[in-house]
Amino acid sequence: MRFATWNVNSIRTRVDRVIAFLERSGTDVLAMQEIKCRPDQFPIAPFEAAGYQVAIHGLNQWNGVAVASRLPIVETQDHFLTQPAFGEPPVIEARALGVTVDTTEALPARDQQASSMTIWSLYVPNGREVTHAHYAYKLEWLANLAEQGRSWLADPAAQIALVGDWNVAPLDEDVWDVDAFEGATHVSAPEREAFAAFAADGWVEVTRERVTNYTYWDYQKLRFPKNEGMRIDFAYCSPALAARVSAAHIDRDERKGKGASDHVPVIVDVN
DNA sequence: ATGCCGAGAATATCTCGA
């Protein structure tokens, strides 16, 4: 069984690339971020034609998350219980979508193996500037998700993946030039502590040891040709799910050519 | 090589992204 996460930066602009990726990669479940549209604007037909159901959560042109699955979708949640609001009036933004899929047909029968998996497509707030209210919101968002996550991990058999654009570069090596990020968001100590808290709680980030590459390159200043990128897309798995992960990689080719997202897919294989 | 910002809404220029 293969799942993936990809910040697509507008599904309406990128749908042809996304469908081609699904068919080329054999991905069973794809978590998307920054779809930048409402459900009624989402190009559902090409997904269905390719054999995928789509769960969509989008409020307007900002943010937006979705999950495409060729495994049966059995439950969806359009926010996590402790998810904070932002703005005036306060709104719980479209930044989290939990989709539970039946994995029976994609995995070999095995004693006591779970028959379902919940994949959360997450688009963590950017933060903008460390002095901005959006930054405090980002830290609250991560802390509240961690709080929620601890309750989920009370079940040692939980099959849960928290995947998406975390908007945090956890290590210095996750940015092309740490000096260029002095004082910026994504690399600050509080953000890194908020990210590391998930590991302390028992979540296992399954791509760190299997992928040695960036997942994002800015559109500006020839960042991709010069390989000046950032590693900010991750997959935290519950312990029981992490134990079944066999491989992970990125599809770097998706950053090439006309019409690329600024992020690439991060792909995880599960036995 | 992969190439110098892209997307959406509104309507000409703004917000947002990291």
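Naming convention: chains lettered A, B, ... in sequence-line order (proteins, then strands); numbering from 1 in each chain.
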Original post:
In a check of side chain to side chain contact (heavy atoms under 4.5 Å, CB included) between A:Thr76 and each of A:Thr118, A:Val99, A:Val67, which one passes?
Top reply: A:Val99
**OP:** Can you tell me, in whole Å, how much space there is between the C1' of B:dC4 and that of B:dG8?
**Re:** 23 Å
Original post:
Which of these nucleotides, B:dA9, B:dT15, B:dA18, is closest to any side-chain atom of A:Trp62?
Top reply: B:dT15
Original post:
For the side-chain hydrogen bond (donor to acceptor under 3.5 Å, both in side chains) test, which of A:Thr5, A:Asp233, A:Asp165, A:Asn7 pairs with A:Gln33?
Top reply: A:Thr5
Original post:
Is a donor-acceptor contact shorter than 3.5 angstrom present between the side chain of A:Asn167 and the base of B:dA18?
Top reply: no
Subject >> Candidates B:dA7, B:dT2, B:dG17 - which lies nearest the side chain of A:Arg128 >> reply: B:dG17
Subject >> Between B:dA18 and B:dC5 - C1' atom distance, rounded Å >> reply: 13 Å
Subject >> Side chain of A:Arg14 (C-beta onward), nearest among B:dC4, B:dG6, B:dT2 >> reply: B:dG6
**OP:** Could you list the residues that satisfy salt bridge (charged side-chain N to carboxylate O under 4.0 Å, His left out) with A:Lys36, not counting sequence neighbours?
**Re:** none
Original post:
Pick from A:Tyr137, A:Tyr123, A:Trp141: which one makes a side-chain hydrogen bond (donor to acceptor under 3.5 Å, both in side chains) with A:Glu93?
Top reply: A:Tyr137
**OP:** Would you mind telling me which of B:dA7, B:dG17, B:dG8 lies closest to the side-chain atoms of A:Arg12?
**Re:** B:dG8
Original post:
Base, sugar-phosphate alone, or nothing: which one does A:Thr13 contact when heavy atoms must sit under 4.0 Å apart?
Top reply: sugar-phosphate
**OP:** Would you mind classifying the nucleic acid contact of A:Phe181 as base, sugar-phosphate or nothing, using non-hydrogen atoms under 4.0 angstrom?
**Re:** nothing
Original post:
With a non-hydrogen cut-off below 4.0 angstrom, is A:His132 in contact with a base, only sugar-phosphate, or nothing?
Top reply: nothing
Subject >> A:Asp165 side-chain proximity, nearest of B:dT15, B:dG6, B:dA18 >> reply: B:dA18
